[in-house]
Every structure is written in C-alpha cells, then in structure tokens.
2 protein chains.
Amino acid sequence: MSSSCIIRHFEHYAELDQRDRELLDSLEKSPREFTRGTVIWQQGTESEHFYTVSSGWACSFRTMEDGSRQVLDLYVPGDIVGLREFAFRRRVSNLLTATNATLCPFPKHRLTDVFATSRLLCNLFFLIAARDQAILVERLINLGRRSAREKVAHFLLEMAHRLDKACVDVDDCNHLPLTQVVLADALGLSTVHVNRTLNELKQEGLTTLGPDGITLLDRNGLQDVAGFDPEYLEEDVTSLLKNIGARPPA
Amino acid sequence: MSSSCIIRHFEHYAELDQRDRELLDSLEKSPREFTRGTVIWQQGTESEHFYTVSSGWACSFRTMEDGSRQVLDLYVPGDIVGLREFAFRRRVSNLLTATNATLCPFPKHRLTDVFATSRLLCNLFFLIAARDQAILVERLINLGRRSAREKVAHFLLEMAHRLDKACVDVDDCNHLPLTQVVLADALGLSTVHVNRTLNELKQEGLTTLGPDGITLLDRNGLQDVAGFDPEYLEEDVTSLLKNIGARPPA
DNA sequence: CGATGGATTGACAATATTCAAAGACAGTGG
DNA sequence: CCACTGTCTTTGAATATTGTCAATCCATCG
C-alpha cells in the first residue's frame, strides 16, 4: 500500500489515524506528470483544484499588461499549491512547471469536508496557510528593502532551506534548477542585473552556475551576504499538536 | 445587546446562528483603546492573541538590522490582524497603531476550539486567511514590477477599496490617514521619492495632501495610472456558503 | 515659544534598467 | 553527423529611476 502525496505531506507534521488517511486518499486523484514549462492553470480561469507537488518544481506568477512577469512563489516537492485560491472563484495567478514534475490534483471545494471531518487536518491546513503567508511576507521584505545582492542570496537560501525540509527524493539540496529569468522575475530585477549579481557571487566562491541551474557552495557566506534568518520557515507544529491533543509523527 | 467586533465582522459574510455568536463572544475580551503610535506587539515576542480592528488603523511591519522598516500591511476597521502568526510561536512582525484605534484581543490558541465547534466559522477563517494572502500577493507585485508612480496610486486605491467595504463608521473612504513615511516603508521607496511622486499626482488633480493624510480626488484617474483591478479584494463568499449549506447575511 | 515630527526642496550619487549584440548549449530534424 | 533552432547566458555602453544627504519649512502641541 503506497501512500499518496498528500498523506506523505501531512505525516511529516503529525501522526494520522486511519480515518484521516482514508479521507485524504479519497480526495486525491492519481498523480499527473508534466514536462518542464507546462502551464497548469492560468489566471482568470475557474479555480477547481489545488495540487500537491510530488516531484520537481513549480512556479506561480502573474503577468502584467506590458508583458512582464512577477513570480510569486516557487514550489518544491511536498508543497501544496493553490490554497491561496480558496477564497476566489477565479485564479489570481498562473502556475507553470519549472522542471519536469509530477503533481496531484485535489478538488478545492472538498476542503470543507476535510475541515468538517478531521480536526487535526483542519488545523494543519490552517498552519500551512499561515506558513505560506510567512513566506510571502519574507519575499515582500526581500523586494522592498534589500539590494540586488541581498535579494539573490536570500532567495537562494530560502529555496535551499525549503529543499532541506522536503528532502524526500531530493539528492542535492544545494542545487536549484532555476534559470536566471525566473530568478529575475521573482526578485523584481532585470535578467541582466541578476546575471551580473550572480557572477559576482560566483567570483566570491559562494555559488556555481551550471547549465542546469545554480549550486550553493557556501551557505554561511551567503547567509552573511543576505542577513538570512530561517526562523520564518520553522513552523511551531508542536504547540499546535499539543493544543488539539494530537501526536507528533513517529 | 451590542454585538462584539468579531461578530460584526463575521456577520458581514454570513448569517450566524446563536451558537456561533456565543462562541465568538466568549473569546473576545473587551475592546482596548490605543493612541496613535502605540506598539501592540513586537517581533520575537510570544504570540498569544490576534486582534480585530474596531476603529482606526493599524500597521504591521518588520524592522531590518540597518534600522529601515518594511510595512507589510495596513489594517482598517473590520480587519483581523495576526492570523499569520498562527503557525509560529513567536511573532514575525511588529504591530503599531497608525491612528488612534480600538482593537479587540482574541486568544490565538482558542482558534482550534472555533474550528472544532463551528463549521461555518472555520471556513470563514480560512477564507479570510486566503484573502490576506491575495493582498500580500498584490503587494508583492506592486513592489516587484511597478514604478514608483504606479506603486503609490495602486496602494492608495487598495486602501480606499478596503475602506469602502469596512464602511461601518468610516465617514470618508477617500481619506487615508497615512504619513508619507508609512507609505514609503510600505512601498519600498524613500520618503523623498514618495513625496515627489505624491506631489506629481497632486499636480494632476488626482489627490490632495493635507496635514492629516491623503485624499483621493479622482479614483478613475488613479486607476488608469496604477492599472488597478480590485478583483483580488472580492472574495467569493457565495460559493463557499452554498458549499457548506450556510446562509448569506440578511 | 521652543520643540517635535512630518513635508518639501535641491544637488548629487548609486543602483538598476534598457538596448543591442554575441556566445554557449542542448535538442531537433534532415 | 551536422546544421539549425531556440533558449538561456553573458557583456558593454548609455540611460533612467530612485536613493542619499542636508537644509528648510510648516504645523501642532505642550
């Protein structure tokens, strides 16, 4: 009996009982594979499902009238994509695979069933939504109050940390399969400037640039550059579980 | 029988039954008044309560090592502040009153009781969290991909629209009690540049600057400047209510 | 009436963008 | 196997946008 993406995801936070597992399992359609660069959904279309990322990377973004893009977030294995759309009928952003990836669709409107049936899952979903907000907040700060150098270093570190946690099936958490275009659109910079900044960091021995993405060589060095503090990625699941009388994962 | 802040807030979305009202009422301590510039909480401290804004404005922000600030969001009457902190033991941002204001504290850990007891409230909280995310996303886009002119116009319009909805007890939704410093820290600009931009908009007859804040004179004009689309502020409560069998407000 | 916090102004500097062109690389199809 | 294509990266030069610094103004408040 192989467990579905979403079950694996939640077991990372807490021990699930049989009912929780069945509930989650009943909602998840079979995983779907996508090649790099596939548009999963587009802004303005009906928002029916969200997805869990089983492998690969995805990227949510918004396109502006003048054709420029703002990348809102990147998603790594284990992430849930699209909870944001819960409050809206139509999608507020686009979703694209940034590498080959396999995702599992999950019908949005049935989230209410989950809330009604499992206290634990309900709380965990809320926790995840709050964590998503914390990530957005940090990205906001990145865009608003940091230099290009800091932006790049900070963003790279965030993604590496998130990979650390995802760890399942990820071989090298220091390797990020990102193009400079994506990076630029995430950080509100031009590609050209990202390139120069990245080469600067490379000169200093902090990163490496390969054809298949960026590799972090010296996290401590980058941390100094960025003023990075991973606290915003460390949810306090323990208190929550204690509060609702649930048990931590085995 | 006067209803509490939070009850008023939720009645805006749906018709509450007696139990929902009692539940909410039991959790809300009496409203507290604060003068402008009062620090309600600080980043790093234990996060015990969130607040509903009954009157006045509040402002959440993060301070950087070099002393600069990034304003994350502003809150107007009817808003809930601090849901973001649900996933964390310690606060990830500061909260400050931007005008004289009265807020109602609400113990964070009892949110789980609400989830367990009322299906309707549980879903509405989730809806609000998703809306908060949509606002952050839009601010992200503002910071990343718009010029100073667009940033200012867009932000002003957002706040005005949010006031429109809050409407209760707000006399003039075109008047925003904001200093240029706050605006600058929200938009990732320098005060000087905000000032110049604001005066530019004033020259064009779009806004007015008073000692007590900024007034919007021509929303359509500003909308053109900003490329503003209010869709991200319009949650789809109807589908949600239908889905869980609840009734819209009277 | 002086003190304080915000608003305003000008001159200058830094940071990042734009434009344009070329290089590197992988995948495709002949 | 090679030329061709498209995507991503790299580089330089010119330009634009926004920031910094420093001084002044202005209103309010005790």
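Sequence lines set the chain letters: A, B, ... in the order given, protein chains first and strands last, and positions in each chain run from 1.
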> Does Asp132(A) come within less than 4.0 Å of Arg84(A), counting only side-chain N to carboxylate O?
Replying inline: no
>> Under 4.0 Å from a heavy atom of chain A: give me the 5'-most and 3'-most nucleotides of DNA chain C that qualify.
In response: dA16(C) to dC19(C)
Give me the distances for all protein-to-nucleotides 20-26 of chain D N/O pairs that come in under 3.5 Å?
{"from": "dT20(D)", "atom 1": "O4", "to": "Arg196(B)", "atom 2": "NH2", "distance (Å)": "3.4"}

> Between Glu235(A) and Lys165(A), does at least one N-O distance fall below 4.0 Å, as a salt bridge requires?
Replying inline: yes
>> Looking at every non-hydrogen atom in both residues, tell me the closest pair between Ala186(A) and Val71(A) and how far apart they are.
In response: CA-CB, 3.5 Å
> Does a side-chain heavy-atom distance below 4.5 Å link Glu138(B) with Arg62(A)?
Replying inline: yes
>> Would Phe10(A) and Ile128(A) count as a side chain to side chain contact (heavy atoms under 4.5 Å, CB included) here? Give the steps.
In response: CA-CA 10 Å; Phe10(A) 278 95; Ile128(A) 290 167; 3.8 Å; yes
> Of the residues in residues 180-188 of chain B, which ones touch DNA chain C at a heavy-atom distance under 4.0 Å?
Replying inline: Gln180(B), Val181(B)
> Pairs in or reaching into residues 57-89 of chain B: which pass ring-ring contact (aromatic ring centres under 6.0 Å, His included), with residues at least two apart or in two chains?
Replying inline: Phe126(A)-Phe86(B)
>> Can you tell me if His175(A) has over 12 outside heavy atoms packed within less than 6.0 Å of its NE2?
In response: yes
>> Tell me whether Asp66(B) is salt-bridged to Arg145(A), with the criterion being a basic N under 4.0 Å from an acidic carboxylate O.
In response: no
> With sugar-phosphate meaning primed atoms plus P, OP1 and OP2, does Leu198(B) contact a base, only sugar-phosphate, or nothing at under 4.0 Å between heavy atoms?
Replying inline: nothing
Identify all pairs in which a protein N or O lies below 3.5 Å from an N or O of nucleotides 3-5 of chain D, and state each distance.
none

> Quick one: salt bridge (Lys or Arg N to Asp or Glu O under 4.0 Å) pairs with a partner in residues 33-46 of chain B, sequence neighbours left out?
Replying inline: Glu46(B)-Arg89(B)
> For Glu200(B), what residues pass the side chain to side chain contact (heavy atoms under 4.5 Å, CB included) criterion, not counting sequence neighbours?
Replying inline: Arg149(B), Glu204(B)
> Rounded to the nearest Å, what distance is computed from the CD atom of residue Glu200(A) to the P atom of nucleotide dT11(D)?
Replying inline: 13 Å
> Which residues, if any, of residues 202-219 of chain B bring a heavy atom under 4.0 Å of DNA chain C?
Replying inline: Leu209(B)
> If you look at every heavy atom in Thr102(A) and Pro31(A), which pair is closest and at what distance?
Replying inline: OG1-CB, 4.3 Å
> Do Asn94(A) and Arg69(A) have side-chain N/O donor and acceptor atoms under 3.5 Å apart?
Replying inline: no
> Can a side chain N or O of Asn199(A) be found less than 4.0 Å away from OP1 or OP2 on dT9(D)?
Replying inline: no
> Rounded to the nearest 0.5 Å, how far apart are CZ of Arg139(B) and CG of Leu140(A)?
Replying inline: 7.0 Å
> Taking only residues two or more places apart in sequence or in another chain, which ones pass side chain to side chain contact (heavy atoms under 4.5 Å, CB included) with Leu222(A)?
Replying inline: Ala153(A), Leu157(A), Leu201(A), Leu206(A), Thr207(A), Leu216(A)
> How bent is the helix from dC1(C)-dG30(D) to dG30(C)-dC1(D), comparing axes over its five end pairs at each side, to the nearest 10°?
Replying inline: 30°
> Among all residues two or more places apart in sequence or in another chain, which pass the side chain to side chain contact (heavy atoms under 4.5 Å, CB included) test with Thr35(B)?
Replying inline: Thr38(B), Asn100(B)
> Which of residues 140-154 of chain A have a heavy atom under 4.0 Å from DNA chain C?
Replying inline: Ser147(A), Ala148(A)
>> Can you give me the closest heavy-atom contact between Thr99(A) and Gly56(A), atom names plus distance?
In response: OG1-CA, 3.3 Å
>> Testing Ile214(A), Thr215(A), Asn174(A) one by one against Leu156(A) for a side chain to side chain contact (heavy atoms under 4.5 Å, CB included), which residue passes?
In response: Ile214(A)
> With Glu158(A), which of Arg162(A), His161(A), His154(A) fulfils side-chain hydrogen bond (donor to acceptor under 3.5 Å, both in side chains)?
Replying inline: Arg162(A)
> Do the rings of His49(B) and Tyr51(B) sit parallel, tilted or perpendicular, given the 30° and 60° boundaries?
Replying inline: tilted
>> Expressed as a whole number of angstroms, how long is the span from Asn100(B):CG to dC29(D):P?
In response: 11 Å
>> Applying side-chain hydrogen bond (donor to acceptor under 3.5 Å, both in side chains) to Ser47(B) and Lys108(B), what does each step give before you reach the verdict?
In response: CA-CA 8 Å; Ser47(B) 98; Lys108(B) 173 182 115 171; 3.0 Å; yes
